[in-house]
Amino acid sequence: MPKLEKGILLGFYFVQFLTGLSDASALFLVACGLSLIFGVLRIVNLAHGSFYMVGAYLAYYLIANFPQGAFFFWAGILLAALTVGTIGIVIETLLLRRLYYAPELFILFATFGIVLIFQDLSRWFFGAEDILGQQAPGLAGSIDIMGVLLPQYDVVLIVIAPLILVGLWFFLYRTRWGILVRAATEDREMSDALGVNQSRLFTGVFFLGSCLAGLGGAIQLPKGGANLLMDLNIIAAAFVVVVVGGMGSIPGAYLAAVIIGELSAFGVLIFPQSTLVLMFLLMAVVLVMRPHGLLGNAEPEVQGAAKMSTATLKPASKKLKLLGLALLILLFMMPVFVGSFGLVLMTEIALFALASMSLYFIMGPGGMVSFGHAAFFGGGAYAAALTVHYMQTPMELAILLAPLLVGLVALIIGWFCVRLSGVYLAMLTLACAQICWSIVFQWGKFTGGDDGILGIWPSAWASDKTVFYYLTLILCIGGIMALRHFIFAPFGYTLRACRDSSLRVDSIGINRHRHQWFAFTLAGTFAGFAGGIYVFSKGNVFPDVMAIPRSFDFLFMILLGGIETLFGPIAGSAAFTWLHDQIARIDYWQLILGCIFILLVIAFPDGIAGSIHTRLGRYFED
Amino acid sequence: MKNAKIFPSAILVILLLLILGALIFWISAKSDVFPGNTIKIGEIQTYSKLTSFTFPYRNGWQLALEEINSAGGVLGKKLKVISRDDAGEPGTAVTIAEELILKDKVVLLMGSFLSNVGLALSDFAKRNKVLYFATEPLSDALVWRKGNRYTFRLRPSNSMQNAMLAEEAAKNEAKRWATIAPNYAYGKDAVASFKKLLKAKRPDIEFVAEQWPALFNINAGAEIQALTGANPEAIYNALFASDLAKFVREGKLRNAFKNVFVVSLLTGEPEYLDPLREEAPQGWLVTGYPWYDISSPQHKKFLQAYQKRFNDYPRNGSLVGYNAMYAVYHMLKKAGSADTEKMIQAMEGLTFDSIVGPITFRKIDHQSSMGAFVGYTALKEGKGIMVRWNYADGKDYLPDDAQVMKLRPQ
Amino acid sequence: MAIILKVQNLHKAFGGLRAVVDVSFQLEAGQLMAMIGPNGAGKSTCFNLINGQLNPDQGSIFIMGQKVNGEKPRDVWKLGVGRTFQITSTFPSMTVLENVQMSLLSHNRRTKSLLTNVSRLYVAEAMALIDLVGIADQAHRSCGVLAYGDLKRVELAVALANQPKLLLMDEPTAGMGPAERQGLMKLTESIVHTREMGVLFTEHDMKVVFDYANRVIVLNRGKMIAAGPPDEVQKNNEVKKIYLGTASS
Ligand SMILES: Nc1ncnc2c1ncn2[C@@H]1O[C@H](COP(=O)(O)OP(=O)(O)OP(=O)(O)O)[C@@H](O)[C@H]1O
Ligand SMILES: [Mg+2]
């Protein structure tokens, strides 16, 4: 808390408020582009943060190579924004356009591929060094507000955001093109029927959104600069803003950006250590109170989750069962064929397979996409590690306790989450996972913080790599078979029924929320189970097992394997782990991984298991 | 969508496949195969992030490696480094370590940047009985509280660097201190140890505020405000990279450093000072690397070779990487074999002449005596430099044997 | 005869639009009651009020003597109310058999069972129902690919699975040819008599209405403008005016 004389205190708080407002500006520019794109194109564009980063780099180099002076400074910023918009057009026409009618997750997958590609390309083009942006000519000083200094450029930012807001409003409500955009936001089929040239409209909106992201990146140069971490830093915050404001709502985005800007400006004074989690806490609270964000409307159409998987599930045929048995035997004979590192990988694959199968359980049959499944997997790892660390629990008991403890957490999180659906549900799971992550990260005294917990090794009898592999294999296969069994049990059918039609389940006496809640808890429990074993395979645990990238890894495993088949998660985690291991040795591995993601989405939308099934499935029917 | 087909998917797919193939071909062509006998070293570093430090670091050890190998290698064999990216994640680092040991059969592990990665690798080394040579991680725990006989560390630790700074800082008369550091283990350790050391020398001072911005996600304006709100006479700052740059700029605009004495742990390192260009702060007490000013012939030779090889000047990372590879070289020469036990014995007490002076790895705690350059920042021709600097030899800041015995599990 | 459904002074408005205004009627076991009226008259809204999908603004609904205002559809269903929708609502990722099994599972409170396997549960009962509605040959096809008329039959089978006392059928014969319509209504009629239940249905095909309904209610703009036996309603002037004034079939 400030220790200042009375006279200056008011100025202090006022300047803090203005600082919050100026922080909100760049955030708003990025978020409103994201919101616009979501509203019209219905895609969740993870690459939006990359546009922001590229905007910053481009503006920096343009300004550096232009003559000095205010005109060229602003020209550089505008030109950077337009260039980013053009990059957006290229991406939209070459890639995204093919995916509009694909399930939402595919687009997520593809745009994440773009993120990876841009990461490495930016490193290639712009170099590795952090760049401090140029000051704006003529605006490099400060102004005195009641005895406290505020940088002049902050004033510029404070003014720019509302100007853009008003400009966008004018554009959306007063121009023909804007009206078409709004029509498309509100009712895609309708605008389709009205004969609007959709692809041109979509390209235009994507251009505008990308421009805004580029502008956001360029305009914050004098406040920061450009570096290779800014894409992922901003994208999380931008998503929070979009979700809190209500997806598709531009005024909502501004409102949310301001709230978050102020929250962090004043949060710094009150909770200096919790700056990161505040944002996610806010998102969780808003979503629980207002499921569609502050100014958002109910989702105009059912989100991708529901249309994600519509194929009927058939129990395996006799031939397939035989094939499965052969695979099992092969797995058990693995130690004969592969070296000890091979076994380490196989152990990891088995654990990831169980974790992604548990995610598949709520995502496929359940239709609930979770962006926070790592919270349960990592939670299991932490639960086991903590019981071992503090109570010297033997491994066998810790592995049993972990899923139970995580199940409790999932029970609580699930209660809130199942009330939402689609993107909002996904975002709430993300927020909850981030909150769990922050607890683990910040509560260093208990959890070891980012130093993690070390020395969690298996009991003596299982410490041999081969023995541990067998242990993991048996437990994971057991878990996967159990989940598989649940899918064909009445509960699994009910879950699918809830996904297919909430109207119908309600009218045949089924409590949808309760079943989904139960499923969520069950999935969390199984993920926790996998996590509990995982910690013993590694010997240590760190907060990043709960972080967002790990949650996405699980999603990718499922997509890679194919979302329509029960075998998908297993094939996916094997392929993912193997691929990761192979390319991680390469310098520009992110670029390659990104290309692979995009390739997959375009060429093999059914995933590995799905593709095999469509090509060879008929040979395995009874 | 009718228009979607202006560019058929098949062509896109083929194009992507071509790019992928070319990339993989290009990369595999780049990885040169060493003929004959080699000693393989596993190197783990955060090459996909923190590149402003880790790329010069890689240059540093590559230069040393080339020098060593062109002079005939060691023990009649060439050295081969298998370098891997840990993405800054300890879990990934351990997986890679396992792979390096089991699959690539490396004889030792070296590297890592973040302290938690270092601690994880150290724990791994202990369990798997392999030598781990931590080059960059600064955490005190690495060789003391959580030290083990398989782990050695090159750089002066967090508390050693803070001791160097505290010694100088104590001379300043400022009494009201504020601190700011990134909100993770390194930042917390740094603040804690600086506070303790300064308090010991100056019981009359008080710490009036502390701020903990998220790593690489600082909200600079608000943080600066919060600091100035406490009206400090001096600020201790452990920020680095983009956080530091934003902090400096915002602080200047808000007049936060006027008449305030600033101690800044890593700000003298070219990787963090140079991006600030003409805005580099002046008169801050820092540790760093004044490569432009070091006149010893060994360093001059290194500087020339480095500039010739990479067409760039060295950063602090280059120095660390270069020294690290030579430490490995001297250790292997002394050990006479790549057997872990022999290597440990050789490394304990190993002394060699580095480009910044002699470096010894103490037997008692496996910490090297490599020091750091301590000085004040200044501006010269629109660029930040270090002035009034001296090389603080690490051996003067190491804890004594009694302290080590108390700290280190035996 | 037992009174199965009693509706008193029901009101429902959507914002300014008064969709249902002061509707009262009652339905006895063994009765087939038709609710007719032009598009937008408020028929579906009435149905939604009765099975709990919507909350009435005013008025009360009794199902077998029990007041169900504000109850959720799933609780109303447990009282023995089956429902088919104007726009069919089935589970497209399941076969016809599985759709009916779902209803039977719910009826037998087995939906939370994790250990049994659906392929062995209530197959015979489900097949009997499917056979009853006349789509036994489609039993193993996915509802996602079924013809509309067949989906209506699936819905009927699903609705019958909990042995309802009251069946609410919103346009049960939409998407069917004339002969098929007659067949389905005959079937419904026979079920009503064998099972001693009441049926409330809406229908745009007047021939079907006057052939099968015991009683007819006519709604227009939310208001009940006529009620009574079919031949009586047919003669009602106001009804004639509406049906001649609109282009409805
Ligand atoms: N959820 C709702 N929100 C707002 N208005 C609604 C809603 N549901 C129905 N309405 C309106 O209420 C009126 C009555 O609709 P209802 O669906 O009950 O008519 P209906 O008699 O079933 O017509 P149809 O023969 O076309 O099925 C219509 O004007 C309709 O637009
Ligand atoms: Mg209707």
Side-chain angles (χ1 to χ4, degrees), chain A residues 302 305-317 361 364-367 479 481-519 521-523 525-526 563-566 621-622, chain C residues 47-48 51-53 72-85 87-122 140-145 154-155 158-159 161-162 164 168 170:
Chain A
V302 182
K307 58 184 175 186
M308 197 172 74
S309 158
T310 45
T312 48
L313 282 177
K314 265 185 275 175
S317 64
F361 184 68
M481 296 297 259
L483 282 168
R484 210 192 121 83
H485 187 84
F486 296 163
I487 290 174
F488 289 106
F491 180 72
Y493 269 80
T494 311
L495 203 57
R496 266 166 66 205
C498 295
R499 173 198 72 190
D500 279 5
S501 167
S502 58
L503 190 65
R504 178 41 80 193
V505 287
D506 207 20
S507 63
I508 57 170
I510 293 169
N511 186 335
R512 179 167 69 97
H513 282 161
R514 190 168 300 160
H515 284 85
Q516 290 185 331
W517 185 27
F518 187 27
T521 310
L522 207 59
T525 309
F526 274 82
I563 42 181
E564 300 279 15
T565 47
L566 282 172
E621 268 155 29
D622 285 329
Chain C
F47 274 45
N48 288 343
N51 93 319
Q53 212 124 292
K72 299 201 170 63
R74 55 172 186 267
D75 298 319
V76 173
W77 179 84
K78 283 176 191 149
L79 292 173
V81 178
R83 160 105 204 237
T84 73
F85 292 96
I87 299 165
T88 55
S89 176
T90 55
F91 308 129
S93 77
M94 297 183 196
T95 62
V96 172
L97 175 65
E98 288 164 343
N99 265 272
V100 181
Q101 275 176 296
M102 267 321 302
S103 195
L104 286 162
L105 284 168
S106 174
H107 178 60
N108 293 293
R109 311 270 158 113
R110 295 288 295 273
T111 56
K112 292 202 186 69
S113 162
L114 284 172
L115 299 179
T116 46
N117 194 313
V118 170
S119 63
R120 286 190 286 275
L121 288 170
Y122 310 114
H140 294 285
R141 289 188 70 200
S142 148
C143 277
V145 298
V154 176
E155 281 209 313
V158 165
N162 74 327
L168 303 171
D170 205 345

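A quick note: this is a predicted structure, and the numbers were derived from the prediction, not measured. Every chain is numbered from 1 and lettered A, B, ... according to where its sequence line falls, protein lines coming before strand lines. Values reported hereafter were calculated over all heavy atoms of this structure, with side chains retained and with hydrogens, waters and symmetry mates removed.
By number of non-hydrogen pairs under 4.5 angstrom with chain C, the leading residue of A:V505, A:I487, A:I508 is A:I508. Options C:T111, C:V81, C:N99 differ in how many heavy-atom pairs under 4.5 Å they form with chain A, and the most are formed by C:T111. The most heavy-atom pairs under 4.5 Å with chain C, out of A:G509, A:A482, A:S507, come from A:G509.
In this structure, C:M102 and A:Y493 have side chains that are in contact, with non-hydrogen atoms separated by less than 4.5 Å. Taking 4.5 Å as the limit, every side-chain heavy atom of C:R74 sits out of range of all side-chain heavy atoms of A:I510.
Scanning both residues, A:D506 and C:P73, for their nearest heavy atoms gives OD2-CG, 3.1 Å. The shortest non-hydrogen separation linking A:R499 to C:S93 is NH2-OG, 3.0 Å. Contact record, A:H485 with C:L114: CD2-O, 3.3 Å, taken as the closest heavy-atom pair.
At a 4.5 Å heavy-atom cutoff, the contact between C:N51 and chain A is made by side-chain atoms alone. Only the side chain of A:F518 comes within contact range of chain C, with at least one heavy atom under 4.5 Å from a heavy atom of that chain. Residue contact with chain C, scored on non-hydrogen atoms closer than 4.5 Å, is absent for A:L495. Within the 4.5 angstrom heavy-atom criterion, only backbone atoms of C:T90 (N, CA, C, O) approach chain A. Contacts of C:K112 with chain A are made by both backbone and side-chain atoms, with heavy-atom separations under 4.5 Å. The contact between C:Q53 and chain A is made entirely by side chain atoms (from C-beta outward), counting heavy-atom distances below 4.5 Å.
The distance from atom CZ of A:R496 to atom CZ of C:F91, rounded to the nearest 0.5 Å, is 10.5 Å.
The number of heavy atoms from other shown groups lying within 6.0 Å of CG (A:L503) is above 12. No more than 12 heavy-atom neighbours from other residues, nucleotides or ligands sit within 6.0 angstrom of NZ on C:K72.
Applying the side chain to side chain donor-acceptor pair (under 3.5 Å) test to A:S501 and every residue at least two apart in sequence or in another chain returns C:S89.
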